[in-house]
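Some notes on the structure that comes next.
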Amino acid sequence: MSNHLISIDDLGAEGLTELLDLSDYFLEVSGRRIPKVPVLRGKTIAWLFWEDSTRTRLSFETAAKRLSADTLNFNVSSSSVKKGESLRDTVETIGAMGIDGIVVRHASAGVPRQISQWTDAAIVNAGDGWHEHPTQALLDCYTIRQERGSLAGLRIALVGDIKHSRVARSNVKAFAALGAEVTLVAPPTLLPPTLDGWPVKVTQDMDEACAHADVVYLLRMQLERQEESLIPSLREYTSRFGLTSARARALNPRTLVMHPGPMNRGVEIAGDVPDLANAVVTNQVANGVVTRMAVLYQLLGSGAGLVPELEVERV
Ligand code: NCD
């Protein structure tokens with residue numbers, strides 16, 4: 001892996017597998033009585049979130065704290081950005097303080113890559129516009145691997161607002177790199193203008209897709225990113241593409257139901273579906289912490305052999 005994690009392309013199958021294996025160590029650490037190791041002691045990580053977030057921010061923050069890093073929360077709404085300070089000046093100011101890592105979320109695609117050219121800090125993309133959200137893909141792959149052992153040969157139905165989804169872009173790459181077959185299930189208006197280079201099949205038949213899927217992955221209807229009316233009505237969308245209670249109950253009991261959150265209950269997923277035994281939405285959140293520990297450790301750690309390092313610190 002390079003000095004940054006901006007796209008799944010930075011990892012490839014090998015890099016992904018390495019991070020998933022590393023996450024197993026951090027899962028063990030997270031289960032300890034004191035779930036903390038000093039491997040990033042003395043390192044400082046700043047959060048630069050220009051867009052709202054609940055789970056991604058809290059999960060990065062938990063991950064950093066479990067690795068004993070110091071964290072700095074840069075609150076855009078109370079910063080000099082409000083006085084018109086440019087992105088570059090903001091980043092250079094933070095860089096001048098000797099920060100080791102910056103976790104960035106921004107509404108524009110390409111901002112994390114741009115920032116990586118202005119600072120020596122390691123950059124982690126926590127979501128840029130419609131472009132990518134690589135740590136979401138990582139935690140999703142980890143959750144599937146935990147349940148099924150491997151992604152190879154699994155059929156994954158990715159359902160909903162693909163067009164506006166950075167999760168879809170990162171997840172398609174990661175799922176395909178690890179050998180899964182991905183089918184997009186969406187009305188044509190919610191697909192990107194071109195799918196050239198996407199290793200996917202496409203269907204509009206949700207029932208058919210559900211019947212064959214090992215994983216049904218629902219995306220949030222991203223109404224805040226839609227400038228025009230792309231669906232006739234939410235009710236119609238739900239009846240054709242939603243994971244309704246009836247569809248969820250007709251699934252093979254081994255078929256996993258996933259969602260990156262935040263969920264629009266009653267739109268893409270019925271209110272009771274996340275509570276079903278095969279829904280792993282809360283496992284995804286828990287795995288967000290361990291996989292982000294792996295990412296931060298790999299980018300900022302000493303590079304020393306991890307196992308001895310963690311063994312010594314066992315409490
Ligand atoms: C996603 C995001 O913000 O990209 N959420 C998340 O990080 N868990 C998906 C979304 O907002 O729909």
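In listed order, ligands and their atoms are each counted from 1.
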Which pairs would a plain distance check flag for residues 106-120, meaning a side-chain donor or acceptor within less than 3.5 Å of a matching protein atom at least two apart in sequence or in another chain?
residue, atom, partner, partner atom, Å
H106, ND1, S108, N, 3.0
S116, OG, R113, O, 2.5
T119, OG1, A121, N, 2.9

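- There is a side-chain donor-acceptor pair under 3.5 Å between T56 and R105.
- Salt bridge status for D24 with R145: present, with a side-chain N to carboxylate O gap under 4.0 Å.
- Closer than 4.0 angstrom to ligand 1 by heavy atom are R55, T56, R105, H133, Q136, R166, V167, R220, Q222, P260, G261, P262, sorted by chain and number.
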_Trace of the side chain to side chain donor-acceptor pair (under 3.5 Å) decision for S170 with E132_ = CA-CA 5 Å; S170 286; E132 282 220 37; 2.6 Å; yes

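- In this structure, K201 pairs ionically with E181, as a charged nitrogen and a carboxylate oxygen lie closer than 4.0 Å.
- A salt bridge is defined here as a Lys NZ or Arg NE, NH1 or NH2 lying under 4.0 Å from an Asp or Glu carboxylate O, and E92 with R88 meets this definition.
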